[in-house]
Amino acid sequence: MGLNKPLLNANSDTQPGINNLITDVAGITVGHKTISNDKFKTGVTVIESCQDNIFREKMPAAVHVINGFGKSTGLVQIEELGTIETPIVLTNTLSVGTAYTALVKRMLAQNPEIGLSTGSVNPIVMECNDSTINHIRDLGVTETDVTEAFDNAKIKFTEGAVGSGTGMSCYDLKGGIGSASRQVKIDDKTFTMGALVMSNFGFGEDLNIYGHAIGQKITQLKKEKEKGSIVTIIATDIPFNSRQLKRIAKRSSVGITRTGSFTGNGSGEITLAFSTANRVSHFPKDELSNIQAITDDKIDRYFRMTVDIVNEAILSSLVHAETTLDREGKPMLSLKDALNKLGNDRQALQLKTELGL
């Protein structure tokens, strides 16, 4: 998936993985549960980072809070210990509690020692506010929806207005779920880095794609405050430690701002990065660990990859989303439909070609 055309103005000369999705990183699957009816336009998206037991064999991870207007759970422990021990659940802001409970129940069922012979568990739930499109106050997400998202998890998944992205808007257009990946060789072995975003941010007038300030042509809405958000998940099988993953996560902000964002006061912008390469046992036998890591002096090319996959994932969320009616019955246009409304405008036609629309 990702874009239908190669990303222009790329920072890295690396190429996408086989599907150009975060799931190009071996072991990762993504599942959606889309809730779309007369009342709700919302849902759940889950990222499973492995096919075995992540609680017992954790993964190095880091979080970077670009702007902390958010209600995610689990970030404090990731910041302290540098690992993740559950899958990641994405949903709307007021459904975090429901998703948290569903994820706890799933982890308890898989790990009977939790709360008895060992400690508790740190569920990771991340959110954006979809109230422009969804009737968020009516709490449309159930625990069953979370379970069904897990049941739907697979390697090839849909982008756009699906799962937790169903009710999201981006630059006053229809946003949602987007993903991209890049591959690199290290000592003749191929490694992968992928990103998944839930895009729900930006002023329409600020949208800039490949140097085209197209947002000024496609939006009539003049907002006074930035109230959106973007959640970014970066996954890789490159052996990074948690400190290096923190540095990777920080570079996601460059990929975000390449589309025109300025990270407003009310924007919840949070990135979580993890590596599948170095597993961390919950029940270690040895006191010393053997964790491989990339040499910091060689890390710049991975920063470049990060910028590209985040940038492309955001554009992909816009390209794949379809026009949706908001909660007042007004159309929230897709990027494609917004460009089509400009007719024979030279910039619009060029951008459609460049994006493969």
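All of these numbers come straight from a predicted model, not from anything done at the bench.
Annotation: side chain of Phe303 is in contact with side chain of Ile248 (closest heavy-atom distance under 4.5 Å). Between Glu354 and Ile209, every side-chain heavy-atom pair lies at or beyond the 4.5 Å cut-off. For the pair Ser275/Leu245, a side-chain contact is recorded, criterion being any heavy-atom separation below 4.5 Å from C-beta on. Contact of the His282 side chain with the Asn111 side chain is not registered, since no non-hydrogen atoms from C-beta on lie closer than 4.5 Å. Within the 4.5 Å cutoff, the side chain of Leu342 has no heavy atoms near those of the Lys352 side chain. Contact annotation: the side chain of Val25 never approaches that of Ser181 to less than 4.5 Å [non-hydrogen atoms, C-beta and beyond]. A 4.5 Å side-chain heavy-atom check between Ile133 and Lys174 finds at least one atom pair inside the cut-off. A 4.5 Å side-chain heavy-atom check between Phe150 and Val89 finds at least one atom pair inside the cut-off.
With no hydrogens or angles considered, a side-chain donor-acceptor pair links Thr42 and Asp130 at under 3.5 Å. Under the 3.5 Å distance criterion, with hydrogens and angles disregarded, no donor-acceptor pair is assigned to the side chains of Asn278 and Asn241. For the residue pair Ser12/Asp308, the side-chain donor-acceptor check at 3.5 Å is not satisfied. Using modelled atom types, one finds a donor on one side chain and an acceptor on the other under 3.5 Å when comparing Asn129 with Ser131.
Residues Pro16 and Arg182 share a closest heavy-atom pair of CG-NH1, 3.8 Å. In terms of heavy-atom proximity, Ile256 sits nearest to Thr259 at O-OG1, 2.7 Å. When every heavy atom of Leu355 is checked against every heavy atom of Lys5, the shortest pair comes out as C-CG, 4.1 Å. Tyr171 and Phe203 get closest at one heavy-atom pair: CD2-O, 3.0 Å. Of all heavy-atom pairs between Ile234 and Ser252, the closest is CD1-CB, 4.2 Å. Across all non-hydrogen atoms, the minimal contact from Pro60 to Ser242 is CB-N, 4.3 Å.
The ring-ring contact (aromatic ring centres under 6.0 Å, His included) test applied to His32 returns Phe157, not counting sequence neighbours. By the salt bridge (Lys or Arg N to Asp or Glu O under 4.0 Å) test, Asp38 pairs with no residue at all, sequence neighbours left out.
The backbone N or O of Asn53 sits nowhere less than 3.5 Å from a side-chain atom of Gln110 that would complete a donor-acceptor pair. Between the side chain of Asn122 and the backbone N or O of Gly74 there is at least one donor-acceptor pair closer than 3.5 Å. Using modelled atom types, one side-chain atom of Ser179 and one backbone atom of Ile22 make a donor-acceptor pair closer than 3.5 Å. Using modelled atom types, no side-chain atom of Asn208 and backbone atom of Gly260 make a donor-acceptor pair closer than 3.5 Å. Distance alone, capped at 3.5 Å, is enough to place a donor-acceptor pair between the Arg251 side chain and the Arg247 backbone.
Atom CD1 of Ile54 and atom CD1 of Ile84 lie 4.0 Å apart (nearest 0.5 Å). Rounded to the nearest 0.5 Å, atoms CD (Gln183) and CE (Met193) are 12.0 Å apart. Taken to the nearest 0.5 Å, the CD1 atom of Ile35 stands 3.5 Å off from the CG atom of Asp145. Rounded to the nearest 0.5 Å, atoms CG (Asn200) and SG (Cys170) are 8.0 Å apart. Note that CE of Met305 is 11.5 Å distant from CD1 of Ile299, once rounded to the nearest 0.5 Å. Distance check, rounded to the nearest 0.5 Å: OG of Ser229 to CG of Asn92 gives 11.5 Å.
Heavy-atom neighbours of Ile18 CD1 from other residues, nucleotides or ligands within 6.0 Å: at or below the threshold of 12. For Phe69, the CZ atom is loosely surrounded, since the number of other residues' heavy atoms within 6.0 Å does not exceed 12. Atom CD1 of Ile155 has 12 or fewer neighbouring heavy atoms from other residues, nucleotides or ligands inside a 6.0 Å radius. Annotation: Glu113, atom CD; neighbour count of heavy atoms from other residues, nucleotides and ligands within 6.0 Å is above 12. Atom CZ of Arg304 is surrounded by 12 or fewer heavy atoms from other residues, nucleotides or ligands within 6.0 Å.
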- Message: Applying side-chain contact (heavy atoms from CB on, under 4.5 Å) to Ser164 and Ile177, what does each step give before you reach the verdict?
- Response: CA-CA 8 Å; Ser164 60; Ile177 300 296; 3.6 Å; yes
- Item | Stepwise side-chain contact (heavy atoms from CB on, under 4.5 Å) check, Val184 with Ile238 | CA-CA 9 Å; Val184 64; Ile238 300 169; 4.1 Å; yes
- Message: Before you tell me yes or no, could you show the steps for Phe40 and Thr166 under side-chain contact (heavy atoms from CB on, under 4.5 Å), namely the whole-Å CA-CA distance, both residues' side-chain angles and the distance that decides it to 0.1 Å?
- Response: CA-CA 9 Å; Phe40 298 118; Thr166 303; over 6 Å; no
- Task: Decide side-chain contact (heavy atoms from CB on, under 4.5 Å) for Met198 and Met126; before the verdict, give the C-alpha distance in whole Å, the side-chain angles of both, and the deciding distance to 0.1 Å.
- Result: CA-CA 10 Å; Met198 180 164 65; Met126 303 180 76; 5.8 Å; no
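Using a cutoff of 4.0 Å between basic side-chain nitrogens and carboxylate oxygens, Glu127 and Lys71 are not scored as salt-bridged. Taking 4.0 Å as the cut-off between side-chain N and carboxylate O, Lys189 and Asp237 do not count as a salt-bridged pair. Taking 4.0 Å as the cut-off between side-chain N and carboxylate O, Asp52 and Arg279 count as a salt-bridged pair. For Glu322 and Lys336, the salt-bridge test fails: no basic side-chain N is under 4.0 Å from an acidic carboxylate O.
Looking at Asn67, Thr263, Thr257 one by one, the single match for side chain to side chain donor-acceptor pair (under 3.5 Å) with Glu269 turns out to be Thr263. Each of Leu335, Leu333, Leu339 was scored for a side chain to side chain contact (heavy atoms under 4.5 Å, CB included) with Asp337, with one residue passing: Leu333. The side chain to side chain contact (heavy atoms under 4.5 Å, CB included) with Phe274 is formed by just one residue from the set Val63, Ile124, Ile28, Thr236; it is Ile28.
At a threshold of 4.5 Å between side-chain heavy atoms, the hydrophobic network of Ile, Leu, Val, Met, Phe, Trp and Tyr places Ile309 and Ile66 in one connected group. Cluster membership for Val141 and Leu103, using ILVMFWY side-chain heavy atoms within less than 4.5 angstrom, is shared. Both Leu8 and Val319 belong to a single network of hydrophobic side chains, linked directly or stepwise wherever heavy atoms of I, L, V, M, F, W or Y lie under 4.5 Å apart. Both Met107 and Val96 are members of a single hydrophobic cluster when ILVMFWY side chains are connected at heavy-atom separations under 4.5 Å. Both Val30 and Val231 belong to a single network of hydrophobic side chains, linked directly or stepwise wherever heavy atoms of I, L, V, M, F, W or Y lie under 4.5 Å apart.
Under the 6.0 Å distance and 45° angle rule, Lys58 counts as a cation-pi partner of Phe55.
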